[in-house]
Amino acid sequence: FFGIANMAQRVAPDGANKKTSRVRVAVRLRPYMGKQDEKGEGPCVRGLDSQNLEIINWRNAMETVKYHFDVFHDEKTTQQEVFVSSVKPILPHILNGQNASVFAYGPTGAGKTHTMLGSSEQLGVIPHAVQEVFSLVKAKDVEDGWDYSIGMSYLEIYNEKVLDLLSPGSQDLSIREDKDKNILIPGLTHTTISSFSDFEKHFIPASLNRTTASTKLNHRSSRSHAILLIKVVRTQRTFPHRQQTGKLYLVDLAGSEDNRRTGNQGIRLKESGAINLSLFTLSKVVDSLNSGTAIRVPYRDSKLTRLLQDSLGGSAHSVMITNIAPEYKYYFDTFNALNFAAKSKLIVNKPFTRETVAVPVLPVKRAREDHEARGSGS
Ligand code: ADP
Ligand code: MG
(Lines give C-alpha, C1' and ligand atoms only; values in the text may rest on other atoms or scores of the structure.)
(Ligands and ions follow the chains in the order given, each with its own letter.)
Protein backbone atom coordinates (compact mmCIF):
# COMPACT_ATOMS: atom_id res chain seq x y z
CA PHE A 1 0.00 0.00 0.00
CA PHE A 2 2.66 2.53 0.98
CA GLY A 3 4.52 1.64 -2.16
CA ILE A 4 2.29 3.98 -4.13
CA ALA A 5 2.98 6.94 -1.84
CA ASN A 6 5.15 8.40 -4.52
CA MET A 7 5.25 12.19 -4.65
CA ALA A 8 6.96 12.26 -8.00
CA GLN A 9 5.25 11.86 -11.32
CA ARG A 10 3.85 8.39 -11.66
CA VAL A 11 6.19 6.16 -13.61
CA ALA A 12 4.51 4.29 -16.42
CA PRO A 13 4.10 0.54 -15.91
CA ASP A 14 6.95 -1.66 -17.05
CA GLY A 15 7.19 -1.79 -20.80
CA ALA A 16 4.89 1.16 -21.43
CA ASN A 17 7.90 3.47 -21.68
CA LYS A 18 9.34 1.44 -24.49
CA LYS A 19 6.21 1.44 -26.58
CA THR A 20 6.43 3.95 -29.39
CA SER A 21 3.23 5.57 -30.52
CA ARG A 22 2.60 7.03 -33.90
CA VAL A 23 2.63 10.69 -34.74
CA ARG A 24 -0.70 11.52 -36.37
CA VAL A 25 -0.20 13.44 -39.57
CA ALA A 26 -2.63 16.05 -40.83
CA VAL A 27 -2.13 18.17 -43.92
CA ARG A 28 -3.69 21.59 -44.28
CA LEU A 29 -3.89 23.28 -47.69
CA ARG A 30 -4.23 27.05 -47.48
CA PRO A 31 -6.42 28.95 -49.95
CA TYR A 32 -5.01 29.85 -53.34
CA MET A 33 -3.68 33.42 -53.39
CA GLY A 34 -3.58 35.20 -56.74
CA LYS A 35 -0.75 37.46 -55.63
CA GLN A 36 1.47 34.40 -55.03
CA ASP A 37 0.91 33.34 -58.63
CA GLU A 38 2.10 36.14 -60.91
CA LYS A 39 1.89 33.96 -64.02
CA GLY A 40 -1.67 32.91 -63.34
CA GLU A 41 -0.86 29.22 -63.49
CA GLY A 42 -3.54 28.20 -61.01
CA PRO A 43 -3.11 25.68 -58.22
CA CYS A 44 -0.85 22.61 -58.62
CA VAL A 45 -2.32 20.69 -55.71
CA ARG A 46 -5.88 19.87 -54.72
CA GLY A 47 -7.78 17.87 -52.16
CA LEU A 48 -9.72 14.72 -53.05
CA ASP A 49 -11.47 13.91 -49.77
CA SER A 50 -10.91 14.11 -46.01
CA GLN A 51 -7.75 11.95 -46.21
CA ASN A 52 -6.40 12.25 -49.72
CA LEU A 53 -4.91 14.90 -51.97
CA GLU A 54 -3.04 15.00 -55.23
CA ILE A 55 -0.30 17.10 -56.73
CA ILE A 56 0.68 17.32 -60.37
CA ASN A 57 3.68 15.13 -61.21
CA TRP A 58 6.49 17.34 -62.51
CA ARG A 59 8.00 14.37 -64.34
CA ASN A 60 4.83 13.93 -66.36
CA ALA A 61 2.03 16.47 -66.49
CA MET A 62 -0.38 13.70 -67.47
CA GLU A 63 0.04 12.20 -64.02
CA THR A 64 -0.65 13.25 -60.49
CA VAL A 65 0.88 11.93 -57.30
CA LYS A 66 -1.75 10.98 -54.77
CA TYR A 67 -1.07 11.05 -51.03
CA HIS A 68 -2.93 9.57 -48.10
CA PHE A 69 -2.87 11.10 -44.60
CA ASP A 70 -4.63 10.63 -41.28
CA VAL A 71 -6.49 13.85 -42.01
CA PHE A 72 -6.58 16.26 -44.91
CA HIS A 73 -7.91 19.77 -44.23
CA ASP A 74 -8.85 21.49 -47.47
CA GLU A 75 -8.64 25.23 -48.15
CA LYS A 76 -12.14 25.82 -46.81
CA THR A 77 -11.41 24.31 -43.41
CA THR A 78 -11.88 26.83 -40.60
CA GLN A 79 -9.53 27.43 -37.69
CA GLN A 80 -12.15 25.96 -35.37
CA GLU A 81 -12.41 22.78 -37.48
CA VAL A 82 -8.63 22.28 -37.48
CA PHE A 83 -8.57 22.66 -33.71
CA VAL A 84 -11.55 20.37 -33.08
CA SER A 85 -10.37 17.56 -35.32
CA SER A 86 -6.59 17.60 -34.80
CA VAL A 87 -5.88 19.07 -31.36
CA LYS A 88 -8.89 19.08 -29.03
CA PRO A 89 -9.04 15.26 -28.63
CA ILE A 90 -5.51 15.08 -27.17
CA LEU A 91 -5.97 17.79 -24.52
CA PRO A 92 -7.74 15.73 -21.82
CA HIS A 93 -4.60 13.58 -21.55
CA ILE A 94 -2.49 16.42 -20.20
CA LEU A 95 -4.83 16.66 -17.21
CA ASN A 96 -3.91 13.03 -16.45
CA GLY A 97 -0.16 13.47 -16.31
CA GLN A 98 0.47 12.54 -19.95
CA ASN A 99 2.41 14.54 -22.52
CA ALA A 100 1.43 15.80 -25.95
CA SER A 101 2.87 17.81 -28.79
CA VAL A 102 1.44 19.66 -31.78
CA PHE A 103 3.68 20.91 -34.61
CA ALA A 104 3.09 23.10 -37.60
CA TYR A 105 5.48 22.04 -40.35
CA GLY A 106 5.91 23.36 -43.89
CA PRO A 107 7.47 26.03 -46.07
CA THR A 108 7.43 29.72 -45.18
CA GLY A 109 4.20 31.25 -46.45
CA ALA A 110 2.17 28.03 -46.29
CA GLY A 111 0.24 28.89 -43.11
CA LYS A 112 2.11 27.58 -40.04
CA THR A 113 1.69 30.76 -37.99
CA HIS A 114 -1.88 31.16 -39.21
CA THR A 115 -2.61 27.62 -38.02
CA MET A 116 -0.87 27.92 -34.65
CA LEU A 117 -1.44 31.55 -33.72
CA GLY A 118 -4.00 32.88 -36.19
CA SER A 119 -5.27 36.43 -35.88
CA SER A 120 -7.66 38.17 -33.51
CA GLU A 121 -10.53 37.44 -35.93
CA GLN A 122 -9.41 33.88 -36.64
CA LEU A 123 -7.86 32.41 -33.52
CA GLY A 124 -5.46 29.56 -34.15
CA VAL A 125 -4.60 26.35 -32.33
CA ILE A 126 -2.69 28.07 -29.48
CA PRO A 127 -5.46 30.33 -28.14
CA HIS A 128 -8.08 27.60 -28.70
CA ALA A 129 -5.97 25.02 -26.87
CA VAL A 130 -5.19 27.26 -23.91
CA GLN A 131 -8.86 28.19 -23.56
CA GLU A 132 -9.80 24.51 -23.73
CA VAL A 133 -7.27 23.52 -21.05
CA PHE A 134 -8.74 26.15 -18.72
CA SER A 135 -12.26 24.94 -19.37
CA LEU A 136 -11.31 21.26 -18.90
CA VAL A 137 -9.79 22.13 -15.54
CA LYS A 138 -12.83 24.21 -14.56
CA ALA A 139 -15.13 21.32 -15.49
CA LYS A 140 -13.42 18.98 -13.02
CA ASP A 141 -15.67 18.85 -10.01
CA VAL A 142 -14.61 18.64 -6.40
CA GLU A 143 -15.17 14.87 -6.29
CA ASP A 144 -12.37 14.50 -8.78
CA GLY A 145 -10.09 14.74 -5.71
CA TRP A 146 -7.23 16.63 -7.37
CA ASP A 147 -6.12 20.27 -7.35
CA TYR A 148 -4.94 21.58 -10.69
CA SER A 149 -2.43 24.26 -11.52
CA ILE A 150 -1.57 25.54 -15.00
CA GLY A 151 1.72 27.12 -16.02
CA MET A 152 3.51 28.19 -19.17
CA SER A 153 6.98 28.56 -20.64
CA TYR A 154 7.79 30.00 -24.03
CA LEU A 155 11.07 29.47 -25.81
CA GLU A 156 12.65 29.33 -29.19
CA ILE A 157 15.37 27.27 -30.76
CA TYR A 158 17.48 29.48 -32.95
CA ASN A 159 20.81 28.32 -34.39
CA GLU A 160 20.60 25.27 -32.07
CA LYS A 161 20.43 27.62 -29.08
CA VAL A 162 17.59 27.40 -26.58
CA LEU A 163 16.35 30.92 -25.72
CA ASP A 164 13.78 31.92 -23.10
CA LEU A 165 11.16 34.17 -24.70
CA LEU A 166 9.72 35.08 -21.28
CA SER A 167 13.10 36.41 -20.19
CA PRO A 168 14.50 38.53 -23.03
CA GLY A 169 18.26 38.64 -23.28
CA SER A 170 18.76 35.31 -21.56
CA GLN A 171 21.60 33.01 -22.64
CA ASP A 172 21.48 29.61 -24.29
CA LEU A 173 19.86 27.16 -21.86
CA SER A 174 20.76 23.50 -21.53
CA ILE A 175 18.39 20.58 -21.80
CA ARG A 176 18.54 17.91 -19.08
CA GLU A 177 16.87 14.63 -18.29
CA ASP A 178 15.91 13.56 -14.75
CA LYS A 179 15.97 10.04 -13.35
CA ASP A 180 12.39 9.41 -14.50
CA LYS A 181 13.36 10.38 -18.05
CA ASN A 182 11.50 13.69 -17.90
CA ILE A 183 13.12 16.39 -20.01
CA LEU A 184 13.65 19.72 -18.26
CA ILE A 185 15.41 23.01 -18.83
CA PRO A 186 16.94 24.40 -15.63
CA GLY A 187 16.59 28.19 -15.50
CA LEU A 188 13.73 28.41 -18.01
CA THR A 189 11.01 30.83 -16.83
CA HIS A 190 7.86 29.02 -15.81
CA THR A 191 4.88 31.23 -15.05
CA THR A 192 1.69 30.12 -13.33
CA ILE A 193 -1.37 31.36 -15.23
CA SER A 194 -4.82 31.61 -13.72
CA SER A 195 -6.92 32.58 -16.73
CA PHE A 196 -6.79 33.00 -20.47
CA SER A 197 -6.24 36.75 -20.17
CA ASP A 198 -3.38 36.03 -17.78
CA PHE A 199 -1.91 33.80 -20.49
CA GLU A 200 -2.25 36.54 -23.13
CA LYS A 201 -0.60 39.06 -20.82
CA HIS A 202 2.59 36.97 -20.87
CA PHE A 203 2.36 35.46 -24.31
CA ILE A 204 1.64 38.46 -26.54
CA PRO A 205 4.66 40.60 -25.61
CA ALA A 206 6.89 37.52 -25.68
CA SER A 207 5.79 36.65 -29.24
CA LEU A 208 7.26 39.95 -30.33
CA ASN A 209 10.65 38.94 -28.95
CA ARG A 210 11.03 36.20 -31.51
CA THR A 211 14.13 36.44 -33.62
CA THR A 212 13.25 37.02 -37.22
CA ALA A 213 15.27 38.01 -40.26
CA SER A 214 14.19 38.71 -43.79
CA THR A 215 14.97 36.38 -46.65
CA LYS A 216 14.13 36.61 -50.31
CA LEU A 217 11.16 34.38 -49.72
CA ASN A 218 9.47 36.32 -46.96
CA HIS A 219 10.27 39.52 -45.09
CA ARG A 220 9.34 38.20 -41.69
CA SER A 221 10.23 34.65 -42.36
CA SER A 222 10.89 32.94 -39.11
CA ARG A 223 14.25 31.26 -38.89
CA SER A 224 13.53 29.71 -35.52
CA HIS A 225 11.32 27.11 -33.90
CA ALA A 226 8.89 28.79 -31.47
CA ILE A 227 7.80 26.46 -28.68
CA LEU A 228 5.02 27.13 -26.21
CA LEU A 229 4.83 24.77 -23.25
CA ILE A 230 1.63 24.47 -21.23
CA LYS A 231 2.10 22.40 -18.10
CA VAL A 232 -0.73 21.04 -15.98
CA VAL A 233 0.26 19.85 -12.51
CA ARG A 234 -2.35 18.07 -10.44
CA THR A 235 -2.02 17.12 -6.80
CA GLN A 236 -4.20 14.69 -4.88
CA ARG A 237 -6.02 16.47 -2.07
CA THR A 238 -5.74 13.52 0.29
CA PHE A 239 -2.99 11.18 1.31
CA PRO A 240 -0.73 10.07 -0.40
CA HIS A 241 -0.95 13.46 -2.22
CA ARG A 242 0.29 12.07 -5.47
CA GLN A 243 1.35 14.60 -8.04
CA GLN A 244 1.19 14.27 -11.83
CA THR A 245 2.53 16.60 -14.49
CA GLY A 246 1.20 16.75 -18.04
CA LYS A 247 3.00 18.77 -20.69
CA LEU A 248 1.66 20.14 -23.95
CA TYR A 249 4.11 21.50 -26.52
CA LEU A 250 2.70 23.77 -29.24
CA VAL A 251 5.36 24.31 -31.89
CA ASP A 252 5.55 26.70 -34.83
CA LEU A 253 8.52 25.21 -36.71
CA ALA A 254 10.97 27.13 -38.87
CA GLY A 255 10.25 27.06 -42.60
CA SER A 256 11.02 23.76 -44.30
CA GLU A 257 11.95 25.38 -47.64
CA ASP A 258 15.14 24.49 -49.40
CA ASN A 259 17.46 27.30 -48.36
CA ARG A 260 19.70 26.88 -51.39
CA ARG A 261 16.98 28.74 -53.24
CA THR A 262 16.70 31.81 -51.01
CA GLY A 263 20.18 33.12 -51.76
CA ASN A 264 21.16 32.84 -48.13
CA GLN A 265 24.76 33.61 -47.35
CA GLY A 266 27.06 33.99 -44.37
CA ILE A 267 25.19 34.07 -41.09
CA ARG A 268 22.00 33.01 -42.81
CA LEU A 269 23.69 30.00 -44.29
CA LYS A 270 24.77 29.00 -40.81
CA GLU A 271 21.21 29.47 -39.58
CA SER A 272 19.90 27.43 -42.48
CA GLY A 273 22.23 24.60 -41.64
CA ALA A 274 21.10 24.59 -38.03
CA ILE A 275 17.44 24.82 -38.99
CA ASN A 276 17.95 21.95 -41.34
CA LEU A 277 19.62 19.91 -38.61
CA SER A 278 16.62 20.22 -36.29
CA LEU A 279 14.06 19.69 -39.05
CA PHE A 280 16.10 16.86 -40.56
CA THR A 281 16.33 15.18 -37.17
CA LEU A 282 12.63 15.74 -36.55
CA SER A 283 11.89 13.98 -39.83
CA LYS A 284 14.10 11.05 -38.83
CA VAL A 285 12.39 10.84 -35.43
CA VAL A 286 8.89 10.95 -36.91
CA ASP A 287 9.92 8.39 -39.54
CA SER A 288 11.41 6.12 -36.98
CA LEU A 289 8.31 6.35 -34.73
CA ASN A 290 5.85 5.83 -37.58
CA SER A 291 7.66 2.96 -39.22
CA GLY A 292 7.00 0.99 -36.02
CA THR A 293 10.40 -0.69 -36.20
CA ALA A 294 12.28 1.95 -34.22
CA ILE A 295 15.39 0.44 -32.72
CA ARG A 296 16.96 3.77 -31.90
CA VAL A 297 14.98 7.00 -32.19
CA PRO A 298 17.60 9.73 -32.79
CA TYR A 299 16.19 12.26 -30.30
CA ARG A 300 19.64 13.34 -29.16
CA ASP A 301 20.80 14.49 -32.58
CA SER A 302 19.21 17.97 -32.33
CA LYS A 303 17.97 20.41 -29.70
CA LEU A 304 14.41 20.31 -30.95
CA THR A 305 14.04 16.54 -30.75
CA ARG A 306 15.97 16.35 -27.48
CA LEU A 307 13.57 18.85 -25.93
CA LEU A 308 10.56 16.94 -27.24
CA GLN A 309 11.89 13.52 -26.29
CA ASP A 310 9.36 12.90 -23.50
CA SER A 311 6.47 14.39 -25.49
CA LEU A 312 6.89 12.80 -28.91
CA GLY A 313 6.49 9.07 -29.34
CA GLY A 314 6.52 6.81 -26.30
CA SER A 315 3.25 7.23 -24.43
CA ALA A 316 2.81 10.83 -25.67
CA HIS A 317 0.09 12.06 -28.01
CA SER A 318 1.49 13.86 -31.03
CA VAL A 319 0.11 15.48 -34.12
CA MET A 320 1.94 17.14 -36.95
CA ILE A 321 0.03 19.59 -39.10
CA THR A 322 1.84 19.95 -42.40
CA ASN A 323 0.92 23.24 -44.00
CA ILE A 324 1.08 23.51 -47.77
CA ALA A 325 0.37 26.21 -50.36
CA PRO A 326 -1.27 25.52 -53.73
CA GLU A 327 0.69 27.87 -56.03
CA TYR A 328 3.38 26.60 -58.44
CA LYS A 329 6.10 28.70 -56.85
CA TYR A 330 5.85 26.42 -53.81
CA TYR A 331 5.83 23.26 -55.92
CA PHE A 332 9.09 21.63 -54.83
CA ASP A 333 8.78 22.73 -51.22
CA THR A 334 5.26 21.29 -51.18
CA PHE A 335 6.48 18.09 -52.80
CA ASN A 336 9.25 17.74 -50.19
CA ALA A 337 6.88 18.54 -47.31
CA LEU A 338 4.38 15.93 -48.53
CA ASN A 339 7.09 13.32 -48.95
CA PHE A 340 8.28 13.98 -45.43
CA ALA A 341 4.76 13.75 -44.03
CA ALA A 342 3.48 10.78 -46.04
CA LYS A 343 4.55 7.20 -45.82
CA SER A 344 2.61 6.16 -48.87
CA LYS A 345 2.04 7.74 -52.21
CA LEU A 346 0.63 6.59 -55.46
CA ILE A 347 1.21 7.79 -58.99
CA VAL A 348 -2.13 8.18 -60.70
CA ASN A 349 -2.31 8.16 -64.44
CA LYS A 350 -4.79 10.91 -65.12
CA PRO A 351 -4.62 14.62 -65.85
CA PHE A 352 -4.77 17.04 -62.96
CA THR A 353 -7.28 19.26 -64.73
CA ARG A 354 -7.84 19.98 -68.39
CA GLU A 355 -6.53 23.51 -67.92
CA THR A 356 -3.36 22.67 -66.09
CA VAL A 357 -2.47 19.89 -68.51
CA ALA A 358 -3.00 22.06 -71.57
CA VAL A 359 -1.34 25.20 -70.25
CA PRO A 360 1.57 24.48 -67.93
CA VAL A 361 3.90 22.50 -70.19
CA LEU A 362 6.27 25.44 -69.86
CA PRO A 363 6.01 25.93 -66.11
CA VAL A 364 6.43 22.23 -65.45
CA LYS A 365 9.44 22.07 -67.75
CA ARG A 366 10.94 25.15 -66.14
CA ALA A 367 10.34 23.77 -62.66
CA ARG A 368 12.14 20.58 -63.66
CA GLU A 369 15.15 22.49 -64.98
CA ASP A 370 15.19 24.55 -61.81
CA HIS A 371 15.11 21.42 -59.76
CA GLU A 372 17.88 19.74 -61.69
CA ALA A 373 20.00 22.88 -61.53
CA ARG A 374 19.72 22.67 -57.77
CA GLY A 375 21.27 19.26 -57.92
CA SER A 376 18.37 17.38 -56.38
CA GLY A 377 17.76 13.84 -57.48
CA SER A 378 14.01 13.38 -57.31
P1 ADP B 1 4.05 30.63 -42.35
O2 ADP B 1 3.94 30.91 -40.89
O3 ADP B 1 4.02 29.17 -42.68
O4 ADP B 1 5.20 31.33 -42.99
P5 ADP B 1 1.69 32.26 -42.52
O6 ADP B 1 0.87 31.64 -41.45
O7 ADP B 1 2.37 33.53 -42.17
O8 ADP B 1 2.76 31.22 -43.07
O9 ADP B 1 0.76 32.41 -43.81
C10 ADP B 1 1.14 33.15 -44.96
C11 ADP B 1 -0.04 34.02 -45.37
O12 ADP B 1 -1.15 33.23 -45.75
C13 ADP B 1 -0.53 34.93 -44.25
O14 ADP B 1 -0.94 36.16 -44.79
C15 ADP B 1 -1.73 34.16 -43.69
O16 ADP B 1 -2.67 35.03 -43.09
C17 ADP B 1 -2.29 33.51 -44.93
N18 ADP B 1 -2.94 32.23 -44.64
C19 ADP B 1 -2.31 31.09 -44.30
N20 ADP B 1 -3.18 30.08 -44.12
C21 ADP B 1 -4.41 30.59 -44.34
C22 ADP B 1 -5.73 30.06 -44.31
N23 ADP B 1 -5.96 28.76 -44.00
N24 ADP B 1 -6.75 30.88 -44.59
C25 ADP B 1 -6.53 32.18 -44.91
N26 ADP B 1 -5.32 32.75 -44.96
C27 ADP B 1 -4.26 31.97 -44.68
MG1 MG C 1 5.31 31.91 -39.64
Side-chain angles (χ1 to χ4, degrees), residues 26-38 43 45-47 50 53 69 71-87 102-129 154-158 165 203-204 206-228 250-259 261-262 264 268 271-272 275-276 278-279 282 304 319-338 340-341:
V27 169
R28 184 184 198 184
L29 174 64
R30 76 149 163 70
Y32 170 79
M33 292 172 166
K35 65 177 191 295
Q36 295 292 327
D37 183 12
E38 287 139 21
V45 52
R46 69 174 173 202
S50 65
L53 64 86
F69 297 98
V71 179
F72 170 66
H73 296 299
D74 71 16
E75 67 275 25
K76 292 187 229 40
T77 312
T78 64
Q79 297 281 71
Q80 176 77 19
E81 285 163 348
V82 170
F83 170 70
V84 168
S85 96
S86 292
V87 180
V102 179
F103 310 88
Y105 180 88
T108 298
K112 295 181 297 298
T113 303
H114 180 78
T115 294
M116 295 308 287
L117 208 53
S119 60
S120 48
E121 302 81 49
Q122 294 190 64
L123 301 179
V125 162
I126 287 174
H128 275 125
Y154 189 34
L155 61 143
E156 74 178 346
I157 296 179
Y158 178 71
L165 290 171
F203 181 72
I204 291 171
S207 300
L208 304 172
N209 287 332
R210 284 195 60 192
T211 310
T212 52
S214 60
T215 72
K216 281 187 188 170
L217 276 184
N218 188 315
H219 284 299
R220 281 186 59 84
S221 158
S222 171
R223 316 306 305 151
S224 68
H225 310 285
I227 303 163
L228 173 66
L250 298 162
V251 188
D252 186 346
L253 293 166
S256 66
E257 60 273 8
D258 186 336
N259 283 291
R261 218 158 36 105
T262 63
N264 285 341
R268 297 271 174 69
E271 285 175 21
S272 299
I275 288 163
N276 289 344
S278 271
L279 283 180
L282 178 67
L304 178 70
V319 58
M320 187 175 71
I321 304 172
T322 299
N323 291 93
I324 57 170
E327 301 84 19
Y328 269 91
K329 69 182 251 194
Y330 291 92
Y331 183 85
F332 284 109
D333 292 324
T334 302
F335 199 66
N336 288 336
L338 291 173
F340 162 42

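Since this is a predicted model, take the numbers as computed values, not measurements. First listed ligand is number 1; within each ligand, the first listed atom is number 1. Index from 1, following the sequence.
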Please identify which atoms of ligand 1 are closer than 4.0 Å to at least one heavy atom of Thr108. 4 (O)
Indicate, as side chain, backbone, both or neither, the part of Arg28 found under 4.0 angstrom from ligand 1 when only non-hydrogen atoms are considered. side chain
So, using side-chain contact (heavy atoms from CB on, under 4.5 Å) as the criterion, who are the partners of Ser120 when residues are at least two apart? none
Test your reading of the structure: does Pro31 have an N or O sitting under 3.5 Å from an N or O of ligand 1? no
Closest candidate by heavy atom, reference atom 6 (O) of ligand 1, pool His114, Met33, Lys35: His114
Whether the side chain of Gln36 engages the backbone of Met33 through a donor-acceptor N/O pair (distance < 3.5 Å, no angle test) should be reported. no
Per-atom filter on ligand 1: closer than 4.0 angstrom to a heavy atom of Gly109 are 1 (P), 3 (O), 4 (O), 8 (O), 10 (C)
Heavy-atom donor-acceptor pair, His73 side chain to Val82 backbone, under 3.5 Å: no
Nearest heavy atom to atom 5 (P) of ligand 1, choosing from Pro107, Ala325, Gly111, Gly118, belongs to Gly111
Tyr330 ring centre to Arg30 NZ or CZ under 6.0 Å, with the angle to the axis within 45°? yes
Criterion side-chain hydrogen bond (donor to acceptor under 3.5 Å, both in side chains) on Arg28 and Thr77, from CA distance to verdict: CA-CA 8 Å; Arg28 184 184 198 184; Thr77 312; 5.8 Å; no
Would you please name every residue forming a side-chain contact (heavy atoms from CB on, under 4.5 Å) with Glu75, sequence neighbours left out? Leu29, Pro31
Can an N or O of Thr113 be found at a distance shorter than 3.5 Å from an N or O of ligand 1? yes
Please confirm if an N, O or S atom belonging to Thr108, backbone or side chain, lies less than 2.8 Å from the Mg ion (ligand 2). no
Plane angle bin for Phe203 and Tyr154 - parallel if under 30°, tilted between 30 and 60°, otherwise perpendicular: tilted
Any Asn323 heavy atom less than 4.0 Å to ligand 1: no
If you take the nearest heavy atom of each of Gln79, His73, Glu75, Lys112, which one is closest to atom 3 (O) of ligand 1? Lys112
